[in-house]
2 protein chains.
Amino acid sequence: MANIRDVARAAGVGIGTVSRALNDSGYVEAGKKEKIRRIAKELNYRPSELSRSFVQKKSGLVGIVLPDVAFPFYGAFLKYAELELNHIGYKTLVCNTLGVQKRVSDTLDLIEAGSLDGMIINTDVTREEIERMKGMPVVSFERVLAKEIPMVASDHIKGGQIAAKLLKENGCKNVMILGARFATKVHAENRIKECRRILEQSGIQVTAVEINGAFLSYPFIEEMISQYLDMYSRIDGIFTEDVEAYCCLMQAKKRGIYVPRDLKIVGYDGNEMTRMIDPQVTTIAQDVPLLARTCVEVLAKKIAKEKVDAHYYIPVKLLQGGTTV
Amino acid sequence: MANIRDVARAAGVGIGTVSRALNDSGYVEAGKKEKIRRIAKELNYRPSELSRSFVQKKSGLVGIVLPDVAFPFYGAFLKYAELELNHIGYKTLVCNTLGVQKRVSDTLDLIEAGSLDGMIINTDVTREEIERMKGMPVVSFERVLAKEIPMVASDHIKGGQIAAKLLKENGCKNVMILGARFATKVHAENRIKECRRILEQSGIQVTAVEINGAFLSYPFIEEMISQYLDMYSRIDGIFTEDVEAYCCLMQAKKRGIYVPRDLKIVGYDGNEMTRMIDPQVTTIAQDVPLLARTCVEVLAKKIAKEKVDAHYYIPVKLLQGGTTV
DNA sequence: ATGAAAGCGCTAACAG
DNA sequence: CTGTTAGCGCTTTCAT
């Protein structure tokens, strides 16, 4: 493969001139610039990105670290994040931690080694990892890590309010709120707190239960939900994430509980699958494209060493479906 | 950040010795090796990957190019592929083409520029792109591109046979087979051909229809299916991909068609969501983990310039659900 | 406006 | 075994 010296020789100029001509940097005589470009094309010359990255000390790569891209919400997030990163000239590296903590610190290593210009992270992290991240161009998605690390999240407080209002209007008297437990403080927990607060204020019985562990497989989620439904048989309303909402629907059918007559289910996330399956789950939709865009914009600022805010909140909205009335 | 020279100075040795000590290459006196390692750690030294990549002419990055990671099948594939690549020391770059052809050639550029050591591709490609790929470490997933480019795919012929047998046994007389149309020859088309051949041989009426375009959004898929169901109202069996199968279920309900009594639906792919939603779709499952592992193994061989086969076929298997009897 | 030259930080070849 | 040295291909001064 031709290198810059081959082009310089063929064009009868110095390599500096070739570099300037091809990068539109510095001064190059107009005609000469054309000639150099033509010759570069003839030689099928591609500047070695490896060399450019090395000399410029940036890789053009951004890492996205998430629990499991096969979960609909994360898959959607990655899609839009990659799209936005591409728009501003970055390539996207993915890392599915699948609950393996080492993968997070490995990705931090990549930043230190220069392989990554920045990172968007949405997984559990340890105290040490938070310390390391403080000096790095990192944006946290959903997790409250430290004041030095900007966080982008949905307006989960509003989400909790919408859910509470809906369950109340649906006449529920005995609501189960189902969420995952994380090692790292997740902003989404506010949706649970807020929903619970409002419901209890109205004299509605609330049972908040946790699915233990940030990373789970579907069969395990179903099993957990099945057990909870056995334990709390008088439940007439459920508030949980979309994936879990479908598991609840499945379990309800198995038990002969008719939804929405006997049981209302309110989902969270607004995954596309909630719209294409009957019944459509009533759900509170996060604005994934905007979440992704915001993460990328904030990260770009961090990389450019510009000032960024500590928190960014993205609105949510209710999507009516057939699991409430 | 400390560089190799700082470590060498602090340890009172030459940089060559540091390099050998840290990489376990060549000879270094045992005690000295320990000392160098200790000092490197004290200085919090991380070798610049940018420099190492540059000098070794490999990036350690593999690109995965697919239509849209938010689709369940691709999301699952990416998950397992990333996992397998990580096992053998590669990082994973994602590229969602979303139907934009330029993104494919951009990724090819990355290989030429050295940013990518190899690529797994599962999108439409042009003739020119195929030509370019012939000399590159590329594995095609599902697409028949050229004899120089190894392909990994499910055993779709067997898949078509399983579907045909099932629809026949279910007593269907009028089957619709629904598939997407691609610009590039997709091996999965064989499942349609084979299913059709067998059904017609048994005197069953078959209508094969296409969803036009390789990349589509859910609402558009629903609209297409709705139209097809209007056009072919006497259909009593459908064979299509899982996502489309759910759209068919939805449309059937809207029309008061009872599944499986009046209409049998056989899905394809075996997405996890087909197991967690009621009714579970009867589907022919691809072995995504094995597909991903095979792609990665074959790619590793290609990168190492070892011989590889032209085609690799992965078994499929039937998952019974509630959309057939 | 442009050629020559100095690195970037590392690996690998080489002489000792 | 180990220190020195020669690049890798590019960008970026720096004289001219």
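What's counted below: heavy atoms across the whole structure, side chains too, no hydrogens, waters or symmetry copies. Residue numbering restarts at 1 for every chain, and letters A, B, ... go by the order of the sequence lines.
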J.: Using whole Å, report how far CZ of B/Arg46 lies from P of C/dC8.
T.: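 Taking atom P of C/dC8 as the reference, CZ of B/Arg46 is at 22 Å.
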J.: Below 4.0 angstrom, N of the basic side chain to O of the carboxylate: do A/Asp109 and A/Arg132 qualify?
T.: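 So A/Asp109 pairs with A/Arg132 through a salt bridge.
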J.: Taking atom C1' of D/dT11 as reference, at what distance in whole Å does atom CG of B/Leu50 sit?
T.: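 Value for this atom pair: 14 Å.
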J.: C/dT11, OP1 or OP2 - any side-chain N/O from B/Arg52 closer than 4.0 Å?
T.: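 Checking C/dT11 against B/Arg52, a side-chain N or O does come within under 4.0 Å of OP1 or OP2.
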J.: Return yes if some donor-acceptor pair links the side-chain N/O of A/Asn3 with the main-chain N/O of A/Asp6 below 3.5 Å, else return no.
T.: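 A pair under 3.5 Å: yes.
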J.: Between C/dA12 atom P and B/Leu22 atom CG, what is the distance in whole Å?
T.: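 B/Leu22 atom CG is separated from C/dA12 atom P by 13 Å.
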J.: Among side-chain atoms of A/Ser115 and B/Glu49, is any donor-acceptor pair under 3.5 angstrom?
T.: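 Note: A/Ser115 and B/Glu49 side chains miss the donor-acceptor criterion.
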J.: Starting at atom OH of A/Tyr45, determine the distance to atom C1' of D/dC10, rounded to an integer number of angstrom.
T.: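 Distance, rounded to whole Å: 7 Å.
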J.: Are A/Asp24 and A/Arg37 close enough for a salt bridge, meaning some N to O gap below 4.0 Å?
T.: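 Judged by the 4.0 Å cut-off on N to carboxylate O distance, A/Asp24 and A/Arg37 do form a salt bridge.
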J.: Among C/dG7, C/dT11, C/dA1, which nucleotide has an atom closest to any side-chain atom of B/Ser19?
T.: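 Per side-chain heavy atoms of B/Ser19, the pick is C/dT11.
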J.: Taking 4.0 Å as the cut-off, does a side-chain nitrogen or oxygen of A/Ser51 come that near to OP1 or OP2 on D/dC8?
T.: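 No, because none of the side-chain N or O atoms of A/Ser51 sits under 4.0 Å from OP1 or OP2 of D/dC8.
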J.: On the nucleotide C/dG3, are OP1 or OP2 found under 4.0 Å from the side-chain N or O atoms that A/Arg20 carries?
T.: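 Indeed not, no polar side-chain atom of A/Arg20 lies that close.
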J.: Can you check the B/Asn3 CG to C/dC8 P distance for me, whole Å?
T.: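 The answer, rounded to whole Å, is 8 Å.
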J.: Closer than 4.0 Å, any side-chain N/O of B/Ser48 to the OP1 or OP2 of C/dC10?
T.: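 Result: no.
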J.: Output the rounded distance in Å from CD1 (A/Ile15) to C1' (C/dC8).
T.: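 For the pair A/Ile15 CD1 and C/dC8 C1', the rounded distance is 14 Å.
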J.: Using whole Å, what does the distance between atom C1' of nucleotide D/dC10 and atom CD1 of A/Ile4 come to?
T.: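 Answer to the nearest Å: 6 Å.
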J.: How close or far is atom P of C/dA12 from atom CG of B/Asp24, stated in whole angstroms?
T.: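 Whole-Å distance recorded here is 13 Å.
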J.: Would you say B/Leu85 and B/Lys91 make side-chain contact, with heavy atoms under 4.5 Å?
T.: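 No, every pair of side-chain atoms sits at 4.5 Å or beyond.
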J.: OP1 or OP2 of D/dG9 sitting under 4.0 Å from any side-chain N/O of B/Lys57?
T.: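 Result: yes.
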J.: Look at the side-chain N and O atoms of A/Lys32 and state whether any lies under 4.0 Å from the OP1 or OP2 oxygen of C/dA1.
T.: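 Answer is no, no contact under 4.0 Å.
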J.: Quick test of the criterion, 5.5 Å between centres and less than 30° between planes. Is A/Phe54 stacked on D/dC8 or not?
T.: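 By the stated criterion, A/Phe54 and D/dC8 do not stack.
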